[in-house]
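Okay, structure first, notes after.
Side chains are part of it too, since the values below use all heavy atoms of this structure and drop only hydrogens, waters and symmetry mates.
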Amino acid sequence: MLTLTGAGGVGKTRLALEFAKGLPGRYARVDLIELDSLHDDAPLAQSVATALGVGERAGRSGTDALVRAIGNTSWLVILDNCEHLAEPCAQLAATLLSHCPRLRILATSREALRVPGETVFRVGELSLPPTSTGDDPAALMRSDAVRLFVERAASRVPGFTLWRSNAATVAEICRRLDGLTLGIELAAHRVGTLPLGDILAGLDNRLFQLSLLTDGSRTGPRRRNGLTAAIDWSHRLLEPTEQAVFRRLAVLVGGFDTGAAEAVCAGGGVAPCQIVGILCGLEAKSECPVPPVANCAFLGCLIQGPRHSVSRSCP
């Protein structure tokens, strides 16, 4: 079992699908199961069985039906977006893997599922161009972030390419977004509607920033419709004390150590001795790096969403 973990919008689903495409003929069957619309009180095994076209029989549980259907088949199952169902996903995966020797599971989640034999791969942000590359298009295109921006922008405005006249602005947009896949895709979505300079300026405006990074999709998962939706999805999955600490960290944009976090985040039901444990919990859920942090500029952007959207309901 392989679990891709990382912050919301970092590109876990995209990487999982690309990985599966690179395995033609290796498995008799490959299935993607999207779990983001499944509520935490829904029967997971039955939902997975339905998605795989496995019929249930009277007196047999959904898990039993899956075990019998998969059997010794060479099968790759992609469980996408497991974080809100971490415990039931872990239990189901452990049962299926122990009974189906040729089954392989590729999961995406903001935290590891902690299943025996699980390999965890932390998906990081896309590579960014060094500032020393200036406005050299060829040098900037060596950056994964810049290439993705150009690719997505060209899908919006056919013929869009990187020139010396726009290269530095595109590179700076990618840097401001810290190489976050979703943020770059959403910013590129504005090309053709807004000049590149206005997109960059919008990223410096905290009131405009999150509304800028929205694509308005009517068909995609809500959590991928914009940065605000991705943040809200993550925030709802946190424990109340984690929510409080996460929100208070907003004043420490630019980097913090444990002492600063304790000084700012303790209080209101959160004891100083709890801060380190809560920070470790946030890191495990891909919400916050554990201090010391050299550069967490985009953490400020991520926290601005919860500050505005939950300030009325959280202390």
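Under the side-chain contact (heavy atoms from CB on, under 4.5 Å) criterion, Ser155 pairs with no residue at all, not counting sequence neighbours. Applying the salt bridge (charged side-chain N to carboxylate O under 4.0 Å, His left out) rule to Arg152 yields the partners Glu185; only residues at least two apart in sequence or on another chain are considered. Applying the side-chain contact (heavy atoms from CB on, under 4.5 Å) test to Gln274 and every residue at least two apart in sequence or in another chain returns Val270, Ala271, Ile278. Checked against side-chain contact (heavy atoms from CB on, under 4.5 Å), Thr95 has the following partners two or more places apart in sequence or in another chain: Thr63, His99. Evaluation of the side-chain contact (heavy atoms from CB on, under 4.5 Å) rule for Thr73 yields Ala28, Trp75 as partners, not counting sequence neighbours. Partners of Arg68 by salt bridge (charged side-chain N to carboxylate O under 4.0 Å, His left out), not counting sequence neighbours: none found. Arg14 is linked by a salt bridge (charged side-chain N to carboxylate O under 4.0 Å, His left out) to nothing, counting only residues two or more places apart in sequence or in another chain. Residues passing the salt bridge (charged side-chain N to carboxylate O under 4.0 Å, His left out) test with Glu172 are Arg175, Arg176, sequence neighbours excluded.
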Donor-acceptor pairs under 3.5 Å, side chain of residues 87-94 to any protein atom, not counting sequence neighbours: which ones?
unit_1, atom_1, unit_2, atom_2, d
Glu87, OE2, Gln91, NE2, 3.4

List the atom pairs, donor and acceptor, that lie under 3.5 Å between side-chain atoms in residues 132-143 and the rest of the protein, sequence neighbours left out.
unit_1, atom_1, unit_2, atom_2, d
Thr133, OG1, Pro130, O, 2.6
Asp135, OD1, Arg164, NH1, 2.8
Asp136, OD1, Ala138, N, 3.2
Ser143, OG, Ser127, O, 2.7
Ser143, OG, Ala145, N, 3.2
Ser143, OG, Val146, N, 3.3

Review item, side-chain donor-acceptor pairs of residues 43-52, under 3.5 Å, at least two apart:
unit_1, atom_1, unit_2, atom_2, d
Ser47, OG, Pro43, O, 3.0
Thr50, OG1, Gln46, O, 2.9

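Applying the salt bridge (Lys or Arg N to Asp or Glu O under 4.0 Å) test to every pair with at least one member in residues 260-277, sequence neighbours left out, gives no pairs at all.
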